[in-house]
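Structure first, commentary second.
Chain A is the first sequence line, chain B the second, and so forth, proteins listed ahead of strands; every chain is numbered from 1. Here the structure is a predicted model, which means the values were calculated and not measured.
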Amino acid sequence: IAGITQAPTSQILAAGRRMTLRCTQDMRHNAMYWYRQDLGLGLRLIHYSNTAGTTGKGEVPDGYSVSRANTDDFPLTLASAVPSQTSVYFCASSDSAGGADTQYFGPGTRLTVL
Amino acid sequence: GQNIDQPTEMTATEGAIVQINCTYQTSGFNGLFWYQQHAGEAPTFLSYNVLDGLEEKGRFSSFLSRSKGYSYLLLKELQMKDSASYLCAVRENDYKLSFGAGTTVTVRA
């Protein structure tokens with residue numbers, strides 16, 4: 001693994017189903033983030049984690065949950081998917097939350113909820 | 001929260017220069033980033049400004065005026081591969097990034 005990986009690449013999901021999007025990074029970055037990207041709205045932060053064991057809510061957290069059991073993994077769970085959660089989901093990481101440390105993005109997961 | 005405004009689309013000719021403006025309103029500014037995103041791909045980092053002035057990196061430059069809440073990304077000697085979306089992102093004192101909707105640049109031969 002090099003950088004950030006996400007799985008699955010794409011998924012079609014029935015409304016009401018539970019879904020976990022996986023994100024793994026091998027850069028030993030402390031901070032990790034989940035965004036959704038919708039046409040005309042840009043990237044919006046769902047949840048973030050500044051370090052393993054801590055998480056926080058972003059701009060659009062409702063309907064999503066995260067956990068950060070270790071440094072490398074940051075899964076995003078949709079407990080009961082709804083059509084409005086159809087989007088492209090990007091995971092990102094950075095060495096720290098401040099300074100010039102840039103965020104590196106994974107390849108994204110395209111999710112369709114029917 | 002943030003108000004980040006950038007034009008939706010811009011078109012330019014190969015070899016030309018394009019300037020993408022970004023204006024923002026924030027209660028606690030802590031840096032401005034520009035990302036490039038090709039269609040169907042992840043955003044990739046282009047530049048970072050935290051102090052006023054111009055940062056130059058090859059064909060790309062980014063300018064910041066904190067007092068005006070204004071930044072621009074300048075793309076020189078445009079190439080076809082520069083056709084992409086360009087995202088302006090502002091970081092506040094809580095260290096979270098807020099993104100603009102992005103500017104789609106189309107480079108024509």
Non-hydrogen atoms of chain B under 4.5 Å away: do they reach the side chain of [X], the backbone, both or neither?
{"X": "A:Leu45", "result": "side chain"}
{"X": "A:Tyr35", "result": "side chain"}
{"X": "A:Gln103", "result": "both"}

Give a yes or no on whether the ring-centroid distance for [X] and [Y] is below 6.0 angstrom.
{"X": "B:Tyr70", "Y": "B:Tyr24", "value": "no"}
{"X": "B:Phe63", "Y": "B:Tyr72", "value": "yes"}
{"X": "A:Phe105", "Y": "B:Tyr35", "value": "yes"}

Legend entry - Top of B:Pro43, B:Gly102, B:Ala101 for chain A proximity - count of heavy-atom pairs under 4.5 angstrom: B:Pro43
Inset, instruction - Could you tell me whether the side chains of B:Asn49 and B:Ser62 share a donor-acceptor contact shorter than 3.5 Å? - result: yes
